[in-house]
2 protein chains.
Amino acid sequence: MFSIGELSKRTKVKVPTIRYYEQMGLLAEAERTSGNQRRYDKTGLERLSFIRHARDLGFSIEAISSLIELQEHPDRSCEAATDIAVSQLADVREKIKRLKLLEKELSRISKGCDGQGVSEDCYVLASLADHELCSREH
Amino acid sequence: MFSIGELSKRTKVKVPTIRYYEQMGLLAEAERTSGNQRRYDKTGLERLSFIRHARDLGFSIEAISSLIELQEHPDRSCEAATDIAVSQLADVREKIKRLKLLEKELSRISKGCDGQGVSEDCYVLASLADHELCSREH
DNA sequence: CTTGAACCTCTAGTCACTAGAGATTGTAGA
DNA sequence: TCTACAATCTCTAGTGACTAGAGGTTCAAG
């Protein structure tokens, strides 16, 4: 049995975040010492590692809640879990697509001031002011 | 002179968001009719278009504030504005990098359940539970 | 002059935390 | 055993960038 600080160290999840996860129902309520401090064991550690990993992969708290529920009712859980993962993947791909367009636009804008420059006006500000100057959609 | 609803239509920025921008100091306080309703002109329209475009490119409200201040004090503004754009670009590139790693991982995880499957356990849940199963950092 | 869409302000909610106040507990060293 | 003090507790409020809703007022067309 170890303290919340120890759990925090081992999982690299901050102490207030652990309490927040408990409050949100992602973590079961921890056992307490006689003095009301939380104590955890291997189960708690594994559960939190799962949550942390899923958060790192961009799953929302809500999605993680669903995944945890699936874990606890293992019948047919695989399909449903895969659905969640696939939808998360679609999300990530969409974000990548959008960010790549932004990258092109920003790199074009940033380069505007290099070299001989664009007379007296700032190209960055001009580009932001006038969407027509954009080379593509974003 | 036109209303906030008209401005909203022309810029595709929602009415409450326009009021929010005013409150945050991004937009100058609009003129008012005798009945206290906001009225805008070309200047307001251009300013809001600038903000909207910058938001679309992922600039924070704070960054936009800086850009607007630069616009208003044009001496040396170009270098500073370029700095902001370049830092925004670095940000975007970093995000793309991270998301690409996630994409690989998620697509690997999602595929786990296809075809013959991985015996009775759900590969998605197992992968999330055990970071060691990841093929690379993320 | 009436109607009703559009406007006003204000408060509170969203997500996933993070920060701080003020009080209590656990534990290592003297 | 006592003492210090780090770690813990609960609670409230703040973050960013809005969004939603209540309850009231104004504008403009017919």
Side-chain angles (χ1 to χ4, degrees), chain A residues 1-27 29-41 44 47-48 50-68 84 87-88 91-92 95 98 102, chain B residues 1-27 29-41 44 47-48 50-68 84 87-88 91-92 95 98 102:
Chain A
M1 302 292 274
F2 40 87
S3 70
I4 196 169
E6 183 61 28
L7 182 64
S8 168
K9 244 179 241 159
R10 294 203 204 175
T11 56
K12 272 134 186 80
V13 176
K14 287 181 191 153
V15 169
T17 305
I18 296 174
R19 291 198 274 250
Y20 169 76
Y21 287 159
E22 182 181 306
Q23 206 186 317
M24 292 299 100
L26 286 192
L27 284 172
E29 297 202 2
E31 282 180 57
R32 303 286 185 129
T33 63
S34 56
N36 200 35
Q37 299 196 355
R38 290 169 180 83
R39 285 300 111 108
Y40 298 91
D41 59 8
R47 165 66 62 91
L48 185 54
F50 176 94
I51 294 169
R52 144 112 219 204
H53 192 188
R55 284 293 302 133
D56 279 351
L57 289 166
F59 289 83
S60 69
I61 296 285
E62 210 195 323
I64 296 172
S65 267
S66 307
L67 289 170
I68 285 173
I84 294 174
S87 128
Q88 178 64 21
D91 233 65
V92 167
K95 276 184 194 151
R98 286 212 59 212
L102 293 193
Chain B
M1 302 290 274
F2 40 86
S3 70
I4 196 170
E6 183 61 27
L7 182 63
S8 167
K9 245 180 241 160
R10 294 204 204 176
T11 55
K12 271 135 187 82
V13 176
K14 288 183 191 149
V15 169
T17 305
I18 297 173
R19 290 197 275 250
Y20 169 75
Y21 287 160
E22 182 182 306
Q23 206 186 317
M24 293 298 100
L26 285 192
L27 284 172
E29 296 203 3
E31 282 181 57
R32 302 288 184 128
T33 63
S34 57
N36 200 34
Q37 298 197 356
R38 292 170 179 82
R39 285 299 110 109
Y40 298 90
D41 59 7
R47 166 66 63 91
L48 185 54
F50 176 93
I51 295 169
R52 144 112 219 203
H53 193 189
R55 285 292 302 133
D56 279 352
L57 289 167
F59 289 83
S60 69
I61 296 285
E62 211 196 323
I64 296 172
S65 267
S66 307
L67 288 170
I68 285 173
I84 294 174
S87 128
Q88 178 63 21
D91 234 63
V92 167
K95 276 184 195 150
R98 286 213 59 212
L102 292 193

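Every value quoted in this text rests on a predicted model; they were computed, and no experiment measured them.
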Enumerate all atom pairs, one protein N or O and one N or O from nucleotides 1-7 of chain D, separated by less than 3.5 Å.
none

task: Could you pull out all residues at least two apart from B:Thr33 that satisfy side-chain contact (heavy atoms from CB on, under 4.5 Å)?
output: B:Gln37, B:Arg39
statement: Atom CD1 of B:Ile61 and atom C1' of D:dC18 are separated, to the nearest Å, by 9 Å
query: Within this structure, what is the CD-to-P distance between B:Gln23 and C:dC8, rounded to whole angstrom?
result: 13 Å
- line: Sorted by chain and residue number, the side-chain contact (heavy atoms from CB on, under 4.5 Å) partners of A:Arg47 (sequence neighbours excluded) come out as A:Leu27, A:Ile51, A:Ile68, A:Glu72
statement: B:Tyr20 atom OH is separated from C:dT14 atom C1', nearest whole Å, by 13 Å
task: Round to a whole Å and report the spacing from CZ of A:Phe59 to C1' of C:dA16.
output: 16 Å
query: Given atom CE of A:Met24 and atom P of C:dC15, what is their separation to the nearest angstrom?
result: 10 Å
query: Taking OP1 and OP2 of C:dT25, is either one under 4.0 Å from a side-chain nitrogen or oxygen of A:Thr33?
result: no
message: My understanding is that only residues two or more places apart in sequence, or in another chain, count here; which of them pass side-chain hydrogen bond (donor to acceptor under 3.5 Å, both in side chains) with A:Glu31?
response: none
query: Who pairs with A:Ser60 by side-chain contact (heavy atoms from CB on, under 4.5 Å), at least two apart in sequence or on another chain?
result: A:Glu62, A:Ala63
message: Rounding to an integer number of Å, can you tell me how far B:Arg55 CZ sits from D:dG16 P?
response: 12 Å
message: Just N and O in the side chain of B:Tyr21: are any of them under 4.0 Å from OP1 or OP2 of D:dC18?
response: yes
Atom-pair distance (CD on B:Glu62; P on D:dG16), nearest Å: 7 Å
- request: Ignoring backbone atoms, test whether A:Thr17 places a side-chain nitrogen or oxygen under 4.0 Å from the OP1 or OP2 oxygen of C:dT18.
  value: yes
task: May I ask you to verify if any side-chain N or O of A:Ser60 is less than 4.0 angstrom from the OP1 or OP2 atom of C:dC15?
output: no
message: With nearest nucleotide decided by heavy atoms, which residue, B:Pro16 or B:Arg39, maps closer to the 5′ end of DNA chain D?
response: B:Pro16
task: Using a 4.5 Å cut-off on heavy atoms from C-beta on, say whether the side chain of B:Tyr20 contacts that of B:Leu26.
output: no
- request: Name all residues meeting the side-chain hydrogen bond (donor to acceptor under 3.5 Å, both in side chains) criterion together with A:Arg19; count only those two or more places apart in sequence or in a different chain, and write none if there are none.
  value: none
- prompt: Which residues satisfy the side-chain contact (heavy atoms from CB on, under 4.5 Å) test with A:Thr11, sequence neighbours excluded?
  reply: A:Leu7, A:Val13, A:Leu45, A:Leu48, A:Ser49
A:Lys9 side chain reached by A:Phe2 side chain, heavy atoms, under 4.5 Å: no
query: Hey, does the side chain of A:Lys14 come within less than 4.0 Å of C:dT18's phosphate (OP1/OP2), counting only N and O?
result: yes
task: Grab the CZ-P distance between B:Phe2 and C:dA5 for me, whole Å please.
output: 24 Å
field: Residues that B:Glu22 engages under side-chain hydrogen bond (donor to acceptor under 3.5 Å, both in side chains), provided they are two or more places apart
entry: B:Arg38
Any protein N or O atoms within reach of nucleotides 9-11 of chain C? Criterion: under 3.5 Å, listing atom names and distances.
{"residue": "C:dT9", "atom": "OP1", "partner": "B:Arg32", "partner atom": "NH1", "Å": "3.2"}
{"residue": "C:dT9", "atom": "OP1", "partner": "B:Arg32", "partner atom": "NH2", "Å": "3.2"}
{"residue": "C:dT9", "atom": "OP2", "partner": "B:Arg38", "partner atom": "NH1", "Å": "3.1"}
{"residue": "C:dT9", "atom": "OP2", "partner": "B:Arg38", "partner atom": "NH2", "Å": "3.0"}

